[in-house]
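Beneath this line is the structure, given in structure tokens, with notes to follow.
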2 protein chains.
Amino acid sequence: MANIRAVSKLAGVSVATVSRALRTPDVVSEETRKKVIEAVKETGYKPNMMARNFRSKKSYSIMVLVPDISNPFFSMVISGIQQAAKKSGYSVLLGNTMGEVETERELAHLLHTNQTDGIIQLSSRFPLAPEDCEEGRTPPVINCCECVDDDSMPTVTLDNVGASRAMTDHLFGLGHKRIAVISGPKGSPLTVARLAGCQAAMKAANIPFDPALVAEGDYSMASGARAAEALLCNSLRPTAIVCFNDEMAIGAMQQIRKAGLSVPGDISITGFDNLTFAAYTEPPLTTICQPSEAFGEKAVEVLFDIIEDRAMPVRHLTLPYELVVRESTAPPSSAG
Amino acid sequence: MANIRAVSKLAGVSVATVSRALRTPDVVSEETRKKVIEAVKETGYKPNMMARNFRSKKSYSIMVLVPDISNPFFSMVISGIQQAAKKSGYSVLLGNTMGEVETERELAHLLHTNQTDGIIQLSSRFPLAPEDCEEGRTPPVINCCECVDDDSMPTVTLDNVGASRAMTDHLFGLGHKRIAVISGPKGSPLTVARLAGCQAAMKAANIPFDPALVAEGDYSMASGARAAEALLCNSLRPTAIVCFNDEMAIGAMQQIRKAGLSVPGDISITGFDNLTFAAYTEPPLTTICQPSEAFGEKAVEVLFDIIEDRAMPVRHLTLPYELVVRESTAPPSSAG
DNA sequence: TTGAAAGCGCTAACAG
DNA sequence: CTGTTAGCGCTTTCAA
């Protein structure tokens with residue numbers, strides 16, 4: 001492979017000039033630039049990015065940590081990240097963590113070995129090992145589309161409280177009074193936020209909150225089915241179930257069918273995320289649309305603010321949700 | 001950040017010795033090794049991978065080109081790739097191409113700028129631009145889980161002919177005679193292979209192949225719905241539809257419901273891929289299970305054979321499918 | 001087993 | 001505007 005020296009020789013200029021002609025063309029004369037371009041073509045020269053990055057102490061890559069890449073919601077966010085990164089000439093390293101702290105830390109370690117310039121974490125944990133972050137400056141690590149307990153980490157997040165409140169209000173508007181919830185892991189910041197939204201709506205509607213109507217899931221379809229099964233055992237059956245993601249809603253719907261009940265005839269179901277699949281369930285799912293691609297774009301912006309040490313880094317960004325009403329919600333049959 | 005020189009000073013050895021103690025420990029004396037380890041700890045030294053890679057002319061990363069990362073099947077394959085890559089100390093660069101040739105080439109170009117050591121392409125095209133591959137040696141580019149027309153590119157693929165034949169046979173076994181197909185883009189190698197499987201089964205069963213019963217889709221749910229709509233207009237309605245992926249099957253099922261027909265009562269439906277969602281559709285989907293994670297692992301193996309210039313590179317690998325029978329298939333109602 | 005020294009390909013002062 | 005020069009941090013001969 002031709003290197004910069006070969007080009008400089010052929011063009012009859014110094015290597016520095018070649019470098020400049022390529023990186024900062026406006027700083028070399030028209031004539032030299034032409035000679036260089038010509039020589040580049042002739043030699044088939046491709047700059048060695050490894051050398052370039054090494055020299056400039058930047059990898060021009062960011063890493064996205066994702067608990068489970070086969071979750072379609074995360075893939076859409078990642079898609080947004082990649083698009084935005086590409087615009088700035090960055091590439092995206094994938095870090096599938098399977099939710100394991102150890103794997104997360106291992107991957108986050110790449111930051112300190114100069115293999116990546118920044119990290120976008122899609123789950124709520126701060127990924128750096130304690131020994132990895134004793135520096136004074138803000139580490140280039142941000143969170144995207146999750147809630148985080150400590151706010152040392154910049155975030156791009158949804159108005160989760162507002163969204164779940166809007167969803168609960170939608171059900172109240174249809175006449176539901178006994179509303180159950182299939183939540184994420186209890187205690188996780190995201191669950192806490194969404195639960196708060198539901199409770200706020202109930203409070204405003206003067207309906208007491210019944211903890212027995214909250215079943216815990218882990219965002220998988222199987223867990224949604226299990227949780228629904230538990231809820232159906234309740235002496236007084238709920239007339240609606242708010243699920244904290246679409247997968248659990250899909251699992252719940254299957255379980256409800258198995259129990260011989262119908263959606264929304266007997267029970268209304270709602271999801272969260274608006275996966276492409278949500279429009280194709282039977283019945284199509286009422287859900288909250290998260291701007292997944294925008295999440296990715298914004299996350300990249302915020303991260304670059306830190307990486308490039310900009311004066312005014314945005315710390316916390318909240319993106320808007322949208323309630324998407326489909327056929328999985330309807331007024332309760334035995335109204336009142 | 002402490003560098004190798006700082007460590008060597010503190011340990012009272014040369015930088016070469018530090019490098020050796022870290023990379024090839026068995027070649028330095030027990031005593032020196034200890035001194036070095038100690039100094040590494042004290043200084044908090046982390047080797048600069050950018051420098052290391054630059055020096056050794058390897059990026060230790062591979063790139064996966066994927067037409068659409070939000071397709072759950074691809075994400076599972078990618079997950080397998082990442083796991084296998086990590087085992088060998090490689091990281092995975094993501095290349096979402098949105099199916100665009102231009103983007104593919106742009107990304108594949110990273111190979112020639114030393115930003116990646118190899119490419120796993122998840123769609124059927126050879127991704128290198130012509131001007132990028134005039135070398136003598138095999139480019140480190142392989143295909144995974146797609147069929148490819150020219151066999152210059154090594155592949156890891158499914159027995160697609162066998163799988164679609166098995167699926168068609170399953171339907172014959174149930175008594176179906178009029179079987180329609182919702183295929184991928186016509187002419188694409190994958191479509192050709194799967195269609196061949198269906199036709200082989202039909203031929204063996206002495207049932208003539210009717211081109212009017214093949215509707216084209218693009219693997220999206222929406223396209224599956226459209227294709228089903230077209231097929232339902234057919235004067236003689238099919239009793240079963242073989243779809244070339246699960247998403248199109250899901251779209252088709254919705255369309256069939258909309259037409260007031262039932263699955264499998266009026267029409268049996270089959271998919272391909274066995275997405276997690278396939279077990280949760282209404283009714284649960286009969287489909288072909290592809291070993292998606294194994295795809296990734298094998299692909300990495302084959303790619304490494306090329307990257308590391310092994311003597312006996314495997315060129316073409318075929319992985320086994322599995323027929324998963326669920327409730328979307330049943331004997332035709334008006335049998336015969 | 002270790003050290004000295006060269007140099008990977010490039011960028012970035014600093015002079016001119 | 002351009003050339004000279006000095007490295008970036010590491011690995012890898014080559015000698016000792």
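Numbers restart at 1 for each chain; the letters A, B, ... are given by sequence-line order, proteins then strands. What you are looking at is a predicted structure, and each value in this text was computed from that prediction instead of being measured.
Contacts of residues 24-36 of chain B with DNA chain D (heavy atom under 4.0 Å): none.
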### Task
Run the numbers on B/E297 and B/K87 for salt bridge (charged side-chain N to carboxylate O under 4.0 Å, His left out), then give the verdict.
CA-CA 10 Å; B/E297 285 160 32; B/K87 253 180 227 152; 5.7 Å; no
Indicate every side-chain donor-acceptor pair of residues 62-69 of chain B with a distance under 3.5 Å to a residue at least two apart or in another chain.
| unit_1 | atom_1 | unit_2 | atom_2 | d |
| --- | --- | --- | --- | --- |
| B/D68 | OD1 | B/S70 | N | 3.0 |
| B/D68 | OD1 | B/S70 | OG | 2.8 |

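Of all non-hydrogen atoms in B/L128 and B/R105, the two that sit nearest each other are O-NE, 4.3 Å. The heavy-atom pair separating B/T97 from B/T103 by the smallest distance is O-CB, 3.8 Å. Scanning all heavy atoms of the two residues, the minimum distance from B/C144 to B/I120 falls at CB-CG2, 3.7 Å. When all heavy atoms of A/Q115 and A/S61 are compared, the closest pair comes out as O-OG, 3.2 Å.
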## Note on the structure
The contact string for nucleotides 11-16 of chain D, one letter per nucleotide 5' to 3', using protein heavy atoms under 4.0 Å with B, S and - for base, sugar-phosphate only and none, comes out as BBB---
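No donor-acceptor distance shorter than 3.5 angstrom exists from the side chain of B/D305 to the backbone of B/R310, with no hydrogens or angles considered.
Taking the screw axis at each terminus of the helix from C/dT1-D/dA16 to C/dG16-D/dC1 from five consecutive base pairs, the angle between the two is 30° to within rounding of 10 degrees.
With sequence neighbours left out, A/K86 forms a salt bridge (charged side-chain N to carboxylate O under 4.0 Å, His left out) with B/E106.
Between the P atom of D/dC10 and the NZ atom of B/K46 lies a distance of 12 Å, rounded to the nearest Å. Atom C1' of nucleotide D/dC8 and atom CZ of B/F54 are separated by 9 Å, given to the nearest angstrom. Remark: C1' of D/dC10 and OH of B/Y60 are 13 Å apart, rounded to the nearest angstrom.
For A/N143 and A/Q121, the side-chain atoms include no donor-acceptor pair closer than 3.5 Å.
Nucleotides of DNA chain C that come within less than 4.0 Å of any heavy atom of chain A span, from the 5' end to the 3' end, C/dC8 to C/dA13.
Counting heavy atoms from C-beta outward, A/F74 and B/S75 have side chains that stay 4.5 Å or more apart.
Between B/Y90 and B/F304, the angle of the ring planes lies from 30° to 60°, which puts this pair in the tilted group.
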